[in-house]
Amino acid sequence: MIKKLNRKFYNRSTLKVAKDLLGKYLVVQKNGELLSGKIVETEAYIGYKNPASHAYRGMTPRNEVMFGDPGYAYVYFTYGMHHCLNLVTEENGYPAAVLIRALEPVQGIEIMQKRRKRKGLTDLASGPAKLCQALGVDLKFNGEDLCSDSLWVEDKGEVIKSISSSTRIGIKEKDKKNWRFFLKNNEFVSR
DNA sequence: TGAATGATCACG
DNA sequence: GTGATCATTCAT
């Protein structure tokens, strides 16, 4: 049974949402294209006290979506060339989101290969900026409603075997929180 | 290991 | 305005 995750799903503990998203399917529908992939790796960014979060110094024009209602997309541009996709969690006023770090490509693989200029499967969406390039996600998706018909997550009833966790990638603070989650022994996770 | 490449933010 | 920084990727 396939069902689109509703706002209630996102309005929960960010760590729970980050883990529950593994094995679900991210879908992007745009310009008549339908692209999707299984979520195999996520990271949690929670609250304003954690220096690793964009929300650490309070609300700014860039991160304001993180402070809003759950179930919306937070997309940001970084390193002068890359986009990253987050799904906003928890109640309005509390800044938190789950970074989607890697997908196993499922639908629209030829389009992804063309966008990524890569032939195989494992290199199409095995990183937060890679999957945005593959799916065509850019700043126009910032603030997009995940309960809409252009960007959403589906539960196909898939049962997850084993979840591993580790420290988050690419953040320099010595925060030892194991807030990165991924499917064990999955070949589509980053690096 | 380091270059690419530009938006963002704090500071003043 | 200015300068440091950056939840990355790819080629060397």
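Every chain is numbered from 1 and lettered A, B, ... according to where its sequence line falls, protein lines coming before strand lines.
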Whole angstrom value for the distance that separates [atom2] of [N] from [atom1] of [X]:
X	N	atom1	atom2	answer
A/I171	C/dT5	CD1	P	17 Å
A/Q133	C/dT8	CD	C1'	11 Å
A/L131	C/dT8	CG	P	12 Å
A/K117	C/dC10	NZ	P	11 Å
A/I169	C/dT9	CD1	C1'	13 Å

Within the structure shown, what part of the strands sits under 4.0 Å from [X] by heavy-atom distance: base, sugar-phosphate, or nothing?
X	value
A/R180	nothing
A/R191	nothing
A/Y79	base

Any sub-3.5 Å donor-acceptor pair from [X]'s side-chain atoms to [Y]'s backbone N or O?
X	Y	value
A/R180	A/T167	no
A/E41	A/S190	yes
A/E90	A/T14	yes

- Task: May I ask you to check whether A/R116 and A/Q133 show a side-chain donor-acceptor distance below 3.5 Å?
- Result: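 Yes, a side-chain donor-acceptor pair sits under 3.5 Å.
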- Strictly under 6.0 Å, is that where the ring centroids of A/Y76 and A/Y74 end up?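 Centroid distance A/Y76-A/Y74: below 6.0 Å, so yes.
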- Pairing pattern in dot-bracket form [Watson-Crick, G-U; both distances under 3.5 Å; | = partner strand] for DNA chain B: ||||.||||||.
Side-chain donor-acceptor pairs of residues 17-32 of chain A under 3.5 Å, sequence neighbours excluded:
| from | atom 1 | to | atom 2 | distance (Å) |
| --- | --- | --- | --- | --- |
| A/D20 | OD2 | A/R12 | NH1 | 3.1 |
| A/D20 | OD2 | A/R12 | NH2 | 2.9 |
| A/K24 | NZ | A/D20 | O | 2.8 |
| A/Y25 | OH | A/E158 | OE1 | 2.7 |
| A/Q29 | NE2 | A/D149 | O | 2.9 |
| A/K30 | NZ | A/G136 | O | 3.1 |

- Task: Would you please test A/E187 and A/T122 for side chain to side chain donor-acceptor pair (under 3.5 Å) and show each step?
- Result: CA-CA 7 Å; A/E187 62 179 327; A/T122 56; 5.6 Å; no
- Task: Check every atom of C/dC10, C/dT9, B/dA7 against the side chain of A/A129 and return the nucleotide holding the closest atom.
- Result: C/dT9
- Message: With side chain to side chain contact (heavy atoms under 4.5 Å, CB included) as the test, pick out the partner of A/F181 among A/I39, A/V98, A/T42, A/V40.
- Response: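 The residue from A/I39, A/V98, A/T42, A/V40 that satisfies side chain to side chain contact (heavy atoms under 4.5 Å, CB included) with A/F181 turns out to be A/T42.
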- Query: Got a sec? Which of residues 53-76 of chain A come in under 4.0 Å of DNA chain C, heavy atoms?
  - Reply: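 Within residues 53-76 of chain A, the residues near DNA chain C are A/H54, A/M66, A/Y76.
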- Task: Would you please classify the geometry between the A/F77 ring and the A/H83 ring as parallel, tilted or perpendicular, with 30° and 60° separating the classes?
- Result: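 Tilted, since the angle between the ring planes falls between 30° and 60°.
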- Under the salt bridge (Lys or Arg N to Asp or Glu O under 4.0 Å) rule, what pairs show up with a residue in residues 124-139 of chain A, not counting sequence neighbours?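 Every pair satisfying salt bridge (Lys or Arg N to Asp or Glu O under 4.0 Å) with a residue in residues 124-139 of chain A: A/D123-A/K130, A/D138-A/K140.
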- Are A/K130 and C/dT8 close enough that a side-chain N or O sits under 4.0 Å from OP1 or OP2? no
- Could you tell me which residues satisfy salt bridge (Lys or Arg N to Asp or Glu O under 4.0 Å) with A/D69, sequence neighbours excluded, listed by chain and number?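 A/D69: no salt bridge (Lys or Arg N to Asp or Glu O under 4.0 Å) contacts found.
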- Query: Where along residues 80-110 of chain A does a heavy atom fall under 4.0 Å from DNA chain B?
  - Reply: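 Only A/G80, A/M81 qualify.
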